[in-house]
Number of protein chains: 2
Amino acid sequence: MEGFDCATDDPRCYCLLSDVLDLLGRKYVMDVVCVVAVHGTVRFGTLEDHIPEASTSTLSARLDALEAAGLLTREQYDEIPPRVEYELTDDGAELAERLEPVLEWAQKRATAES
Amino acid sequence: MEGFDCATDDPRCYCLLSDVLDLLGRKYVMDVVCVVAVHGTVRFGTLEDHIPEASTSTLSARLDALEAAGLLTREQYDEIPPRVEYELTDDGAELAERLEPVLEWAQKRATAES
DNA sequence: TTATTAAGCTGTGAAGTCCAAAGTAACGGA
DNA sequence: TCCGTTACTTTGGACTTCACAGCTTAATAA
């Protein structure tokens, strides 16, 4: 993203948005971060239970992307049946923390309209 | 989204996510909210300048969606050339406020990695 | 002995989303 | 008469996401 020279001096004008914001603006990314944050460590199946609208392939892709972005870690245990555990990194946890007011707001809205 | 009965009692477990979160997890939605928040009122062209990666059709679709969700208003002036101004509603402004720590974090990350 | 089960994926073709580029409308100025 | 202005729509093609099937491997069940 190149630097557009914004007219305002407002520091809230984040014209240079990072790749991470791109990632965040993808389906289910916030959901995944939230679920992992709440559970501490999560297995794939648990994520599927919490976010049933997401296909396994999409979920898998999101986990890969989040790992690549350094927001979560993947620990694989060589057992049968396989076991894999996901956990937020410190960076991911910080994001989750900052995401909380947004989710809170979304929930407030969801309950208000029903 | 149906109610999966989450194992944790953690109030941060927002298993019932609203349509608005679906909207937020779409490309450029956070960007648009942020730009409008900073400028107060914005015209279409300004948004294009700030978010050049988004096509006009996508931008237009996002504005429609945000208006439909009650997060921004559209004021059209019958002039030639046409003038249309977008502004956040109170609800939209509250979202923008809660989004700020997230954007701040994203920016911190963007500058750190370069 | 063969079938089933488990979890965490990957692969498939179809459906949906997003893109760049061109087109639309209407009027004033050259 | 044609150009510039603004805020879009339209188009056909590329990229994403979908639901669903299949894969793996070893312990158990029939």
Side-chain angles (χ1 to χ4, degrees), chain A residues 1-2 4 7 17 19-33 35-36 39-69 72-88, chain B residues 1-2 4 7 17 19-33 35-36 39-69 72-88:
Chain A
M1 220 181 248
E2 94 285 29
F4 169 74
L17 301 171
D19 293 345
V20 186
L21 249 200
D22 266 20
L23 176 57
L24 271 182
R26 290 287 238 338
K27 232 173 174 180
Y28 309 126
V29 170
M30 288 193 285
D31 308 50
V32 169
V33 170
V35 171
V36 182
H39 288 258
T41 66
V42 209
R43 299 178 64 176
F44 194 86
T46 309
L47 281 163
E48 281 187 297
D49 291 342
H50 279 265
I51 316 171
E53 327 84 83
S55 66
T56 59
S57 39
T58 303
L59 215 46
S60 179
R62 293 297 172 267
L63 290 167
D64 283 355
L66 284 166
E67 194 192 357
L72 58 74
T73 54
R74 197 189 112 108
E75 184 90 31
Q76 178 167 358
Y77 300 90
D78 284 336
E79 303 170 0
I80 295 294
R83 183 161 60 100
V84 176
E85 292 189 342
Y86 296 94
E87 198 170 352
L88 289 181
Chain B
M1 227 181 244
E2 95 285 27
F4 170 73
L17 301 172
D19 293 346
V20 185
L21 249 198
D22 267 20
L23 176 57
L24 271 183
R26 288 284 237 331
K27 232 172 172 178
Y28 310 125
V29 170
M30 290 193 284
D31 308 49
V32 169
V33 171
V35 172
V36 182
H39 289 257
T41 65
V42 210
R43 299 179 64 176
F44 194 86
T46 310
L47 281 163
E48 281 187 297
D49 291 341
H50 278 266
I51 317 171
E53 327 84 84
S55 66
T56 59
S57 42
T58 303
L59 214 46
S60 179
R62 292 295 171 269
L63 290 166
D64 284 355
L66 284 166
E67 194 191 357
L72 57 75
T73 55
R74 197 189 112 108
E75 185 91 33
Q76 178 166 359
Y77 300 89
D78 284 335
E79 303 170 355
I80 294 294
R83 183 161 60 101
V84 176
E85 292 189 342
Y86 296 94
E87 198 171 353
L88 289 181

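Letters A, B, ... mirror the listed sequences (proteins, then strands); counts begin at 1.
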With the criterion being N/O to N/O and under 3.5 Å, what pairs connect the protein with nucleotides 9-13 of chain D, and how long is each?
from, atom 1, to, atom 2, distance (Å)
D:dT9, OP2, B:Ser60, OG, 3.2
D:dT9, O4, B:Thr56, OG1, 2.9

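- The side chain of A:Arg62 places an N or O atom within less than 4.0 Å of a non-bridging phosphate oxygen (OP1 or OP2) of D:dT17.
- Nearest heavy atoms, A:Val36 versus A:Val42: CA-CG2, 3.5 Å.
- Closest approach to the B:Ser55 side chain among D:dT17, C:dA20, D:dC8 is made by C:dA20 (side chain taken as heavy atoms from C-beta onward).
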*Derivation and outcome, side-chain contact (heavy atoms from CB on, under 4.5 Å), residues A:Thr46 and A:His50*: CA-CA 6 Å; A:Thr46 309; A:His50 279 265; 3.8 Å; yes
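- In this structure, A:Arg43 does not reach the C:dA7 phosphate: none of its side-chain N or O atoms is under 4.0 Å from OP1 or OP2.
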*For B:Ser60 and B:Ser57, what are the C-alpha separation, side-chain angles and deciding distance, and is it a side-chain hydrogen bond (donor to acceptor under 3.5 Å, both in side chains)?*
CA-CA 5 Å; B:Ser60 179; B:Ser57 42; over 6 Å; no
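- Residues A:His39 and A:Val35 form a side-chain contact, since some pair of their non-hydrogen atoms from C-beta on lies under 4.5 Å apart.
- Following rounding to the nearest Å, B:Asp31 (CG) and C:dC18 (C1') show an atom-to-atom distance of 15 Å.
- In terms of modelled atom types and a separation under 3.5 Å, the side chain of B:Arg62 and the main chain of B:Met30 share no donor-acceptor contact.
- When rounded to the nearest whole Å, the span between CD of A:Glu79 and C1' of C:dG8 equals 13 Å.
- Taking atom CG of A:Asp78 as the reference point, atom C1' of C:dG8 lies 13 Å away to the nearest angstrom.
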*Where along nucleotides 23-30 of chain D does protein come under 4.0 Å, by heavy atom, of base (B) or sugar-phosphate alone (S), with - for untouched nucleotides?*
--BS----
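- Computed from coordinates, the B:Glu48 CD to C:dC18 C1' distance equals 15 Å when rounded to whole Å.
- Atom-to-atom, NZ of A:Lys27 to P of C:dG16 comes out at 11 Å; the value is rounded to the nearest Å.
- The structure places CG of A:Leu63 at 6.0 Å from CG of A:Leu47, a figure rounded to the nearest 0.5 Å.
- Straight-line distance from the CG atom of A:Leu59 to the P atom of D:dA19: 12 Å, rounded to whole Å.
- Here B:Arg74 reaches the OP1 or OP2 of D:dC8: one of its side-chain N or O atoms lies under 4.0 Å away.
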*For side-chain contact (heavy atoms from CB on, under 4.5 Å), just list the numbers for A:Tyr86 and A:Val32, CA-CA rounded to whole Å, side-chain angles, deciding distance to a tenth of an Å, and then say yes or no.*
CA-CA 10 Å; A:Tyr86 296 94; A:Val32 169; over 6 Å; no
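- Counting to the nearest Å, the P atom of C:dG16 and the OH atom of A:Tyr28 are 13 Å from each other.
- A close approach under 4.0 Å does occur between a side-chain nitrogen or oxygen of A:Tyr86 and OP1 or OP2 of C:dC9.
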*asked:* side-chain contact (heavy atoms from CB on, under 4.5 Å), that's the test. Do B:Glu53 and B:Tyr28 meet it? Break it down for me.
replied: CA-CA 9 Å; B:Glu53 327 84 84; B:Tyr28 310 125; 3.7 Å; yes
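- With hydrogens and angles disregarded, a donor-acceptor distance shorter than 3.5 Å links the side chain of B:Thr73 to the backbone of B:Glu87.
- Within 4.0 Å (heavy atoms only), B:Tyr77 reaches no atom of the nucleic acid at all.
- The phosphate of C:dC18 (OP1 or OP2) has no side-chain N or O of A:Arg26 nearer than 4.0 angstrom.
- Figure legend: cation-pi geometry between B:Arg83 and B:Tyr77, with NZ or CZ positioned under 6.0 Å from the six-membered ring centre and within 45° of its axis.
- Distances were taken from every side-chain heavy atom of A:Val84 (C-beta onward) to each of D:dC18, C:dC18, C:dC9; the shortest belongs to C:dC9.
- Separating the CG atom of A:Asp49 from the P atom of C:dC9 is a distance of 14 Å, rounded to the nearest angstrom.
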